[in-house]
Structure formats: C-alpha cells, structure tokens
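Heads up, the thing below is written out as structure tokens.
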Amino acid sequence: MTFEHRHAAHCESGVISNMLRHHGVPMTESLAFGLASALTFAYFPFIKLSGLPLISYRMPPKSIIKGLLAPLAARFRFETFGNPQAGQARLDALLAEGQLVGLQTSVYWLPYFPPQMRFHFNAHNLLVYGKEGDDYLVSDPVFETPMRCGSADMARARFAKGVLAPKGLLYYPQKIERKTIEPQAIVKAIRKTVRTMQAPVPLIGVRGMRTLAKKLASLPAGEAHTVDYIGHMVRMQEEIGTGGAGFRFIYAAFLEEAAQIASMPQLVEFSNRMTEIGDGWRRFALKAARMVKGREPVDPPALAGLLRGQADQEEAFFRDLKRAVA
C-alpha cells in the first residue's frame, strides 16, 4: 500500500486527516478539527483519572471522526471485539485486503513511545497501513516518522482496561461521497462550536472554566494534594491530546482556512484572536508547572485568576464569533 505519513499535533485529528487524504479528500488536520466542531472545555469532577477529575479541551474520543461523516456524506465502519485474538484476526484480514485501518489504543503499551511519555491513556488513535512479519507498520501522527509495533504489544494497547477502554476498536471508511468542503458546512460547524462554548451548563464551555477556577481557588496551598491537582491540570492541558493551548492553535488555523473556503475574510481576525487565547493557556500552564516544580510558591488563587481571565476572553470571543456567522 502506498501511504504518506504526515506528522500532526493531535492523534485523532491527525489520523482522520491522513486517512481522508489517502482516500482523495484534501483534508488538513486543522480543517478536520474545526469541521467536526471538536473544540470545547469540560470539567467533570465525577469522572476520575488516577483519582483526579477529567478536564478536557476537546470533544470526546471519536467525535472528530464521526463529526466529519455528514459534511463528507461518508460512512465509516467501527468494530470492537471481545478478545485480542478476534481483534488481531480482523485487523490482519483488513490489511491483507489493502485497507488502511484506524485503531484506538493505550499509550502505555506502545513500545515506540519513550518510557517517560507512557501513561495509562486509552484513547490514543493511530493508523496501521501494513504488516511485515510480526510487526505492524504504524502511522502514529504524533511522531515525525512511521513506526513499527509487534503484534503482542499492539494487542495489549488495543485491549487495555480502565477508563475509555478501547475494546480493540478499529475503523475504516466504507464510502466517501463528497470530497470537497462546502461553505455551508464550515458555517454550520462554527455555529455548533459557539453553542458548545456558550452552553448554560456549569461544567461545559466558558462556565466550566469558571467552575474549575472556583475549585482551584479553594485548594489549600500547603497540601501535597494541591500540588498533585495542579500537576494533573498541566498534564491534562499540555500532555494528553495537545491540550488547552494546542487545541486553540489548531482552531485558529481552522478559522484561517475557513475564511478562504467560505469566503468570509472576517474570520482571519478571529483566527488571530484565538491564537492570542492559546498563548494565554500556555502562560497558565507554564505558571502552574513552575509551582509544581518548586520554582514558584504554590498559589492556587493566582492560578484561578488566570483561569478566569481565559474564561473572560473566550466568552467575548465566542459572543463575537456568533455575530460574525449569524
């Protein structure tokens, strides 16, 4: 199979854009992310990762892939399995047919990840484009070059247990009827993101940021749990799936592309504003990391103030964006 590997900022948007390009759709990572309305903010204290709350800056796993089905009039096949043997047999059969296959995996069991980058995160997406001997040929978009993964390691990664357990999930397109991006699809996607970020729910969008800021401000500075909590926020923001700054930068790139595709030059200004918002998230993560490493005093109220500032900026941004695409 002739397949072109391309490096990307985020696994799911990188996988789906690479897969669609392989099938003749001129799709970039940022266009895939924005067209699927994948940008969000969510704070779920009742969902725990290692005992700490889930904080997300994008929609749930598979939402980018599924969000592109309607704009492209596409149909994908998604399959899960009860055991690793069935999962491997199906993957091998699809590869033998020349199919490019997407997989959901656990980062922890992928041997090509450096040890310091491995942790129990079960929603990492990658592509498999062939098999040589016992090795799968892997296009993992967060790496600059293709990788190899032995079948035993791949089975562990595909059938890891825990939160977001992949259950051997694999997926591939069955049809793609539309291979151009329509301006109305761009506008519809932007409006959906605006609704999400303005949701009247205390855990989602701008309100979710303020709820998390309130929790953060209440943490006692002198306790080890507080440092763990802040460190967890940094990991959720900047290590798991690109995070706060990265997803804002991807969305900024989408708005720049959207300005051309939809003939809406006003979106270029919004692209620049979103880049500035991403810079703010990066500054927040840097200050938090310095506290965790002992380079600054632990000061939860100061971090909460920065987080409220981000919420204020995003509230104004999405209010103005709503008017621009009305």
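Because the structure is a prediction, the values reported are computed rather than measured. Each residue takes its place number in the sequence, starting with 1.
Distance CE/M274 to CD/E276: 11.0 Å, rounded to 0.5 Å. In this structure, the separation between CD1 on I230 and CG on L303 is 5.0 Å, given to the nearest 0.5 Å. In this structure, NE2 in H232 is found 5.0 Å from CD1 in I55, a value given to the nearest 0.5 Å. In this structure, the separation between CG on N18 and OG1 on T28 is 11.0 Å, given to the nearest 0.5 Å. Separation of atoms CD (E256) and CG (N272) is listed at 7.5 Å; rounding is to 0.5 Å. The line from CG of L94 to NZ of K131 is 12.5 Å long, rounded to the nearest 0.5 Å.
Scanning for salt bridge (charged side-chain N to carboxylate O under 4.0 Å, His left out) contacts around D228 gives an empty result, with sequence neighbours left out.
The heavy-atom pair separating D140 from N125 by the smallest distance is OD1-O, 4.4 Å. I181 and I261 get closest at one heavy-atom pair: O-CG2, 3.7 Å. Between S13 and F33 the shortest heavy-atom distance is CB-CB, 4.4 Å. In this structure, P300 and L219 approach most closely via the heavy-atom pair CG-O, 3.4 Å. Heavy atoms only, all atoms of each residue included: G87 and F159 are closest at CA-CZ, 4.1 Å. Contact detail for A189 and S37: the closest heavy-atom pair is O-OG, 2.8 Å.
Judged purely by atom type and a 3.5 angstrom limit, R178 uses its side chain to pair as donor or acceptor with the backbone of P71. The backbone N or O of H22 lies less than 3.5 Å from no partner atom in the side chain of E4, so there is not a single donor-acceptor pair. At distances below 3.5 Å, not a single donor-acceptor pair connects side-chain atoms of T80 with backbone N or O atoms of L169. Side chain of T226 to backbone of G222: no donor-acceptor contact under 3.5 angstrom is found. At least one donor-acceptor pair closer than 3.5 Å links the side chain of H5 to the backbone N or O of F143. The main-chain N or O of L39 is never found under 3.5 Å from a side-chain atom of T193 such that the two would form a donor-acceptor pair. One N or O on the side chain of H7 and one on the backbone of P141 form a donor-acceptor pair closer than 3.5 Å. Under a 3.5 Å cut-off, the side chain of D299 and the backbone N or O of A221 do not form any donor-acceptor pair. Between the side chain of K179 and the backbone N or O of L20 there is no donor-acceptor pair closer than 3.5 Å. The closest donor-acceptor contact from the side chain of R191 to the backbone of V325 lies under 3.5 Å.
With side-chain heavy atoms closer than 4.5 Å counting as contact, directly or through intermediates, the hydrophobic cluster containing Y108 also holds W109. Other members of the cluster containing V268 do not exist, because no ILVMFWY side chain is joined to it at under 4.5 Å.
One finds no salt bridge joining R6 and E29 here, because no Lys/Arg side-chain nitrogen approaches an Asp/Glu carboxylate oxygen to under 4.0 Å. Of the charged side-chain nitrogens involved, at least one lies within less than 4.0 Å of a carboxylate oxygen, so that R156 and D153 count as a salt-bridged pair.
Counting heavy atoms of neighbouring residues, nucleotides and ligands inside a 6.0 Å radius, atom NZ of K48 exceeds 12 of them. Residue-environment remark: CD (E296) exceeds the threshold of 12 foreign heavy atoms within 6.0 Å. The number of heavy atoms from other shown groups lying within 6.0 Å of CD (Q184) is above 12.
In this structure, V187 is a member of the same hydrophobic cluster as L69, with clusters built from ILVMFWY side-chain heavy atoms closer than 4.5 Å. In terms of hydrophobic clustering, with Ile, Leu, Val, Met, Phe, Trp and Tyr side chains grouped at heavy-atom distances under 4.5 Å, L286 and M291 are assigned to different clusters. Two different hydrophobic clusters hold M59 and V206 under the rule that ILVMFWY side chains link at heavy-atom gaps under 4.5 Å.
Cation-pi check for K66 over F78 is met; the charged atom lies under 6.0 angstrom from the ring centroid and within 45 degrees of its normal.
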Problem set entry | Verdict with supporting geometry, R58 and S63, side-chain contact (heavy atoms from CB on, under 4.5 Å) | CA-CA 9 Å; R58 53 151 289 186; S63 62; 3.7 Å; yes

Problem set entry | Stepwise side-chain contact (heavy atoms from CB on, under 4.5 Å) check, F249 with R282 | CA-CA 11 Å; F249 294 146; R282 184 158 285 172; 3.4 Å; yes

Problem set entry | M19 and F76: CA distance, side-chain angles, deciding distance, side-chain contact (heavy atoms from CB on, under 4.5 Å) verdict | CA-CA 11 Å; M19 180 177 277; F76 270 56; 3.5 Å; yes

Exercise. Is there a side-chain contact (heavy atoms from CB on, under 4.5 Å) between Y229 and K215 once you walk through the steps?
Worked result: CA-CA 11 Å; Y229 198 101; K215 168 64 178 178; 3.4 Å; yes

For this session: Assess whether salt bridge (Lys or Arg N to Asp or Glu O under 4.0 Å) is satisfied between D320 and R323, documenting all intermediate values.
Result: CA-CA 5 Å; D320 296 343; R323 295 194 190 108; 3.0 Å; yes

For this session: Apply ring pair (Phe, Tyr, Trp, His ring centres under 6.0 Å) to the pair H10 and Y57, showing each step before the final yes or no.
Result: CA-CA 12 Å; H10 172 60; Y57 299 80; over 10 Å; no

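Taking the six-membered ring for Trp and thresholds of 30 and 60 degrees, Y251 and F318 have ring planes inclined between 30 and 60 degrees apart. By the 30° and 60° cut-offs, the orientation of the rings of Y129 relative to F3 is parallel.
Looking only at side-chain heavy atoms (C-beta outward), L103 and Y136 stay at 4.5 Å or farther from each other.
Partner E315 forms a salt bridge (Lys or Arg N to Asp or Glu O under 4.0 Å) with one of K322, R207, R210 and no other, that one being R210.
One side chain, Y172 or E79, offers a donor N or O that lies under 3.5 Å from an acceptor on the other. For Q174 and R75, the side-chain atoms include at least one donor-acceptor pair closer than 3.5 Å. Between the side chains of E314 and W281, a donor-acceptor pair is found at a separation under 3.5 Å.
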